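Residue numbers count from 1 along this sequence. Just so you know, these numbers come straight off a predicted model, no measurement behind them.
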Amino acid sequence: MLNLLKQYFGYDHFRPLQEEIISNVLADNDSLVIMPTGGGKSLCYQLPALQMHGITLVVSPLIALMKDQVDGLKANGIKAEFINSTLPYQEMVRIRGEALRGEIKILYVSPERLALDGFQSLLNSLNVSLVAVDEAHCISEWGHDFRPDYRGLGALRRSMPDVPFIALTATATHRVRDDIITQLGLKSPQRFVASFNRANLNYEVRSKRNSFGQLVELLESRRNQSAIIYCFSRKETEELAVDLQGLSLKARPYHAGMDADARRRTQEEFIAGEFPIVVATIAFGMGIDKPDVRLVVHNSLPKSLEGYYQETGRAGRDGLPSDCVLFYSYGDKSRQEFFINRIEDDVERQKASDKLTQVIKYCQLQTCRRRYLLEYFGDETVSSGASSNNCQGCDICLMPRDEFDATIIAQKMLSAILKTGQRFGVAHVADVLLGSKRKKILELGHDSLSVHGIVDDFDRNEIREIAGQLTANGLIYRNNQEYPTLGVTDKGREFLKKREHLTLSKPKPAVQPRRERVARSQTFNDALFESLRRLRLSIARELQVPAYVVFNDDTLQDMAQRVPSNREEFGRVSGVGTVKLEQFGDRFLAEIQQYLKENPNTTKVERSSYANRSRPSQRRAVNRDGSTYSQTRELLNQGMSASQVAHRRELSVGTIISHVEMMVSNGIEVDLEPSLPRTDRKVVIEAALDQAGGPEAKLSTVYENIGDDITYEDIRIVRAHLTQSNGKSH
């Protein structure tokens, strides 16, 4: 499988859980995979499909994603096709013929297609060796995106009792996971739940004051980098796109009210890299497989944390540092509540209100935002250690908190709520405190209250923000009636009675995010990287595919770091497989040589192949207390071998060695002596590594030059040991 991984996808190692999932699939067992966007779900069925004799059927509701996935597979030399309503009849006939002749390895279909009699007869004639159900949460009514057409997949499972099924999704609560298994009829499936933590994403909530100016600064600092900006309404998307265009920022709107062709063209050209910024409603994004989105902005409140997590998950799918910024104003709640209050079903209306409350809590947090998200999704990898309180990847953890003594303003607000009879919302309470002479204030006689006009050090928006924090602290409550009102809790009354002290965080002023964490690694040649990006876009236009199908940013950065001078060196670049080496190698090498001719002082960055792939997000994950890496490190440093650790942790030896390689690449010392093969084998492996070019040598090249009794695991552990030893000597 490692050979196939390198040959077709260009990578030397699996990501966490991939190896275990693939092994389970190849053993013909059912699997349920919960893995975040960008975590490598697709590989879990694409790679075993290459090993299996028959065809792999992939069910996906995302028509746009089908084409992107198939384009990417074809670029890697894998025979794949899709059948959906966008294809002309002749294309469908061709694909059906190829499928019947066994010429297709992976076939993508929509759930609606499966229900058609004609497709059922095709399925009965195919040798289906695996069925993958993507976006599996769509089968559950408890999921956030239920699709009735998915219910038919239970019948598909019953018609193929001996074919292994793998169900995959990025977000699913425990209830939804159980429902997926029931509805699909999975047989004793093994559950694989990856951490929901997207360590490369930086989460930030900003005050909405001067949000346009802040947005422009964010986009200007990322010129020509891809960004998605989510807005509340169709009108807002169009107006914001025009405003950005007026500042020479290449932005286009996207919403459900646009002509279907215009929507399709906008989506395809954004994915292809023809323009960098899309301003959209939440209608945009499902099925977007663009790995190099560096910024996702929510210009308005999302409806739920599930939606927010999914939308922010479109940033940094290639694993490189990316930002997620939410502009928050307490007043934005009312727009969402207007539509929530129009929901006729009482249960559904309450569910929508509860989800919005969770979003408000997220915005008003005074503690780590990442931890709040992970705990919301029941992420079992959340550590209880002290270091877990600072994720180094959200505004709360990265920026100093601007705290203030809120005792007096809290007393005034609680008094105003009580003196007005706990019958009014925050807007009316703010009017009273600020001394408004509005008609309603005068009619109710609230201008004669002792609290009228007693606040002159906070404005209306700040009072709204503080009201939200007082709610979060349990001092006031909010009645979710048609016209929401505020009341004082027992805890709030006790606070007034005992004259307790209270500290809150001030609404943050407009600030630039701390950029050192999210800045792209400068271990590569930035100018060469830009030259390679231009070549990539040119090739993508020729082939009429998205730019990332040629190579993703991570691969171009590795090229700009290694500066390969021949095909052998080019083949060692992360993400360069056999097919892409043949298809694109000469053109990229020519571009590099031309750059070197024009810039003769350019030098390679002398770093090991492991270090090349070391990213800030990886370093945080490797160092985090309680992480899977630290658990492996602790056992190794107790004197266990890799195989003993694998047995103890119920993981494969390959996964443990992947942990070792990641730790070594990040300069974390581990005891590898007990894991090394016996001396005679170790000497042979070291000699083969040296002959093939040292620790940077391709595993397959080394393996081919060594006897059959030496395993890939032996080579990898010796290579890691050499890299660690070389690091000490330097």
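Taking CD1 of Ile271 as the start and CG of Asp292 as the end, the distance is 10.5 Å to the nearest 0.5 Å. Of the inter-residue distances, the one linking Asp134 atom CG with Ile166 atom CD1 reads 9.5 Å to the nearest 0.5 angstrom. Atom CD of residue Gln183 and atom CG of residue Leu153 lie 10.0 Å apart, to the nearest 0.5 angstrom. Rounding to the nearest 0.5 Å gives a distance of 10.5 Å between CD of Glu19 and CG of Leu47. Taken from CD1 in Ile78 to OG1 in Thr56, the straight-line distance is 10.5 Å, to the nearest 0.5 Å. In this structure, CG in Asn29 is found 9.0 Å from OG in Ser188, a value given to the nearest 0.5 Å.
Scanning for side-chain contact (heavy atoms from CB on, under 4.5 Å) contacts around Asn637 gives Arg633, Val670, Asp671, with sequence neighbours left out. Taking Arg15 as the reference, Gln18 meet the side-chain contact (heavy atoms from CB on, under 4.5 Å) condition, with sequence neighbours excluded. Listed by chain and number, the residues in a side-chain contact (heavy atoms from CB on, under 4.5 Å) with Pro16 are Tyr629 (sequence neighbours excluded). Every residue two or more places apart in sequence or in another chain was checked for a ring-ring contact (aromatic ring centres under 6.0 Å, His included) with Phe165, and none qualifies. Residues passing the side-chain hydrogen bond (donor to acceptor under 3.5 Å, both in side chains) test with Gln46, sequence neighbours excluded: Gln69, Tyr108. Among residues two or more places apart in sequence or in another chain, the side-chain contact (heavy atoms from CB on, under 4.5 Å) test is passed with Thr86 by Ile63, Phe82, Asn84.
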Is there a salt bridge (charged side-chain N to carboxylate O under 4.0 Å, His left out) between Asp30 and Arg157? Walk through the geometry before answering. CA-CA 11 Å; Asp30 286 353; Arg157 182 69 179 92; 2.7 Å; yes

Start with the C-alpha gap between Lys79 and Glu98, add the side-chain angles, then the distance that decides, and say whether salt bridge (charged side-chain N to carboxylate O under 4.0 Å, His left out) holds. CA-CA 10 Å; Lys79 186 62 177 173; Glu98 290 180 356; 3.4 Å; yes

Walk me through it: do Arg191 and Asp178 pass the test salt bridge (charged side-chain N to carboxylate O under 4.0 Å, His left out)? CA-CA 10 Å; Arg191 301 187 185 206; Asp178 292 340; 2.7 Å; yes

Kindly determine whether Glu661 and Arg716 satisfy salt bridge (charged side-chain N to carboxylate O under 4.0 Å, His left out), including the steps that lead there. CA-CA 8 Å; Glu661 290 168 334; Arg716 291 170 68 191; 3.1 Å; yes

Given side chain to side chain contact (heavy atoms under 4.5 Å, CB included), test Met663 with Thr632 step by step and report yes or no. CA-CA 10 Å; Met663 288 186 283; Thr632 294; 4.1 Å; yes

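For the salt bridge (charged side-chain N to carboxylate O under 4.0 Å, His left out) with Glu81, the lone residue among Lys67, Arg94, Lys105 that qualifies is Arg94. When each of Pro302, Cys324, Ser304, Pro36 is paired with Tyr309, the side-chain contact (heavy atoms from CB on, under 4.5 Å) condition holds for Pro36 and for no other.
In summary, the aromatic rings of Tyr362 and Tyr376 are positioned with their centroids too far apart to meet the 6.0 Å limit.
Listed here is the closest heavy atom pair of Met640 and Val645: CB-CG2, 3.7 Å.
In the model, Asn24 has a side-chain atom that pairs as donor or acceptor with a side-chain atom of Ser31 under 3.5 Å.
In summary, Asp179 and Arg175 do not engage in a salt bridge, as defined by a charged side-chain N under 4.0 Å from a carboxylate O.
Other residues, nucleotides and ligands contribute more than 12 heavy atoms inside 6.0 Å of the NZ atom of Lys74.
The main-chain N or O of Gly575 is never found under 3.5 Å from a side-chain atom of Lys580 such that the two would form a donor-acceptor pair.
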